[in-house]
Amino acid sequence: MIEVEGLSFDIRGVPILKSADLRLEPGKITALIGPNGAGKSTLTRLIARIEPPPKGRVRVNGLDVATTLSDRLAREMAFLGQQTYLASRLRVRELVAFGRWPHCHGRPGPADRAAVDQALTDFDLETLADRFVETLSGGQAQRAHLAMAVTQQTPWLILDEPLNNLDLAHARALMAHLARLRDAGGSVLIVLHDLNFAAGWADHIVAMKDGAIVAEGPVEEVVTTARLSDLYETPISVSAHQGRPLVLHHI
């Protein structure tokens, strides 16, 4: 479970996140949605302790994020943000293997190598395993970073706009992989701008606007014409397709 209590964040006095309270149950895909500048990325970075929270409290599976040792936290949650910085001349297999560090501390065993091989397969990277990451396309590099995060094999996986740079087939493949992780008992918190991916795959939706959480609940309760039109301040229609909401933008 992820528990957020009174979490606030500002940059030079400008509020980015306003006293957020949130309780995320495990075993679900939770999608964070909302317009640009809503505070979605900030919330995920605070949960993952990429940014130190100046006010409020975050607990992940009962562990206080502010005081728990990094090595311990790395076995509870994996985080992949929008920005990734790498040393040059790093091969794809080496990058993916970094995800096993919390488990093997640089001394991989058979289980670690098997996890890396499986991730390379799952993310369609086998033929790229020995390529230098800097030679990859944006989408290929994104898949390599996703494979690294998944290889960490943590109860919680936190992803900030992971569909960036992915083509339609690989975006769908990622969401299907996250669904399999959920079905195996994992938990996912994911920032999505594509509302139909959120509506089609998530179990729980958290909507944010102007640094605040304005709605949350099951997909069918949050993904409605009225809520989305208000959230994005533009006309949006919601119909249904195969039992799930289908979001249509007005032309």
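Across Pro162 and Val191, no two heavy atoms sit closer than the pair CD-O, 3.5 Å. Residue Ala198 comes nearest to Ala31 through the heavy atom pair CB-CB, 4.0 Å, listed as atom of the first residue, atom of the second, then distance. Looking at every heavy atom in both residues, Ala171 comes nearest to Phe197 through CB-CZ, 3.8 Å. Scanning all heavy atoms of the two residues, the minimum distance from Val65 to Arg49 falls at O-NH1, 2.7 Å. Residues Ala215 and Arg227 come closest through the heavy atom pair CB-NH1, 3.4 Å. Of all heavy-atom pairs between Ala149 and Ala78, the closest is O-CB, 3.6 Å.
Not one N or O on the side chain of Arg182 forms a donor-acceptor pair closer than 3.5 Å with the backbone of Gly27. When atom types are taken as modelled, the side chain of Lys40 and the backbone of Ile33 share no donor-acceptor pair closer than 3.5 angstrom. With Glu94 contributing its side chain and Arg91 its backbone, the two residues share a donor-acceptor pair below 3.5 Å. Counting only distance, with no hydrogens or angles, the side chain of Asp203 and the backbone of Ile29 share a donor-acceptor pair below 3.5 Å. The backbone N or O of Ser19 sits less than 3.5 Å from a side-chain atom of Ser8, completing a donor-acceptor pair. Without hydrogens or angle criteria, Lys18 side chain to Ile213 main chain gives no donor-acceptor distance under 3.5 Å. A distance-only check finds no donor-acceptor pair linking the side chain of Asp10 to the backbone of Ile16 [under 3.5 Å]. Looking at Glu134, its side chain does come within 3.5 Å of a backbone N or O of Arg89 through a donor-acceptor pair. Under a 3.5 Å cut-off, the side chain of Thr225 and the backbone N or O of Val238 do form a donor-acceptor pair.
In this model, no donor atom of one side chain and acceptor atom of the other lie less than 3.5 Å apart for Gln153 and His103. Side chains of Gln82 and Ser41: a donor on one and an acceptor on the other come within 3.5 Å.
Side-chain contact between Trp201 and Leu192 is absent, with no heavy atoms from C-beta onward closer than 4.5 Å. Within the 4.5 Å cutoff, the side chain of His105 has heavy atoms near those of the Asp71 side chain. Pro102 places a side-chain heavy atom less than 4.5 Å from the side chain of Gln152. Within the 4.5 Å cutoff, the side chain of Val133 has no heavy atoms near those of the Gln140 side chain.
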Kindly determine whether His204 and Val219 satisfy side-chain contact (heavy atoms from CB on, under 4.5 Å), including the steps that lead there. CA-CA 6 Å; His204 190 81; Val219 174; over 6 Å; no

Carefully, step by step, assess Thr135 and Arg131 under the rule side-chain hydrogen bond (donor to acceptor under 3.5 Å, both in side chains). CA-CA 7 Å; Thr135 70; Arg131 286 264 301 272; 3.0 Å; yes

Starting from the C-alpha separation in whole Å, work towards a yes-or-no answer on side-chain contact (heavy atoms from CB on, under 4.5 Å) for Ile190 and Met175. CA-CA 10 Å; Ile190 180 171; Met175 298 307 297; 3.9 Å; yes

How far apart are the C-alpha atoms of Glu25 and Arg23, what are their side-chain angles, what is the distance that settles it, and do they pass the salt bridge (charged side-chain N to carboxylate O under 4.0 Å, His left out) test? CA-CA 7 Å; Glu25 298 292 338; Arg23 183 185 177 100; 3.5 Å; yes

Just do the side-chain contact (heavy atoms from CB on, under 4.5 Å) check on Ser229 and Thr234 with the steps written out, would you? CA-CA 5 Å; Ser229 296; Thr234 190; over 6 Å; no

Full working for salt bridge (charged side-chain N to carboxylate O under 4.0 Å, His left out) between Arg93 and Asp117: CA-CA 8 Å; Arg93 183 181 297 276; Asp117 288 341; 2.7 Å; yes

Please walk me through it: do Ile236 and Val247 pass side-chain contact (heavy atoms from CB on, under 4.5 Å)? CA-CA 7 Å; Ile236 292 174; Val247 181; 3.6 Å; yes

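Hydrophobic clustering keeps Ile50 apart from Leu159 (ILVMFWY residues linked when any side-chain heavy atoms are closer than 4.5 Å, directly or through intermediates). When hydrophobic clusters are built by joining Ile, Leu, Val, Met, Phe, Trp and Tyr residues whose side-chain heavy atoms come closer than 4.5 Å, directly or via intermediates, Leu228 is not grouped with Val206. Linking ILVMFWY residues whenever their side-chain heavy atoms come closer than 4.5 Å, directly or via other members, leaves Leu32 and Leu181 in distinct clusters. By the rule that hydrophobic residues join a cluster once side-chain heavy atoms approach within less than 4.5 Å of another member, Leu80 and Leu95 end up as members of one cluster. Clustering ILVMFWY residues whenever any of their side-chain heavy atoms sit less than 4.5 angstrom apart, transitively, puts Leu120 in the very cluster that holds Leu157.
Note that the OG1 atom of Thr42 and the CD1 atom of Ile11 stand 6.0 Å from one another [nearest 0.5 Å]. To the nearest 0.5 Å, atoms CG (Asp160) and OG1 (Thr44) are separated by 4.0 Å. Note: Ile2 CD1 to Asn61 CG = 7.5 Å, rounded to the nearest 0.5 Å.
The existence of a salt bridge linking Arg100 and Asp112 is confirmed by a sub-4.0 Å separation between a basic side-chain nitrogen and an acidic carboxylate oxygen. Look at Glu233 and Lys209 and you find a salt bridge, because one of the NZ, NE, NH1 or NH2 atoms lies within 4.0 Å of a carboxylate O, short of that distance. In summary, Glu5 and Arg59 engage in a salt bridge, as defined by a charged side-chain N under 4.0 Å from a carboxylate O.
Partner of Phe123 under the ring pair (Phe, Tyr, Trp, His ring centres under 6.0 Å) criterion, chosen from His177, His170, His145: His177.
Surrounding CZ of Arg172 are at most 12 heavy atoms belonging to other residues, nucleotides or ligands under 6.0 Å away.
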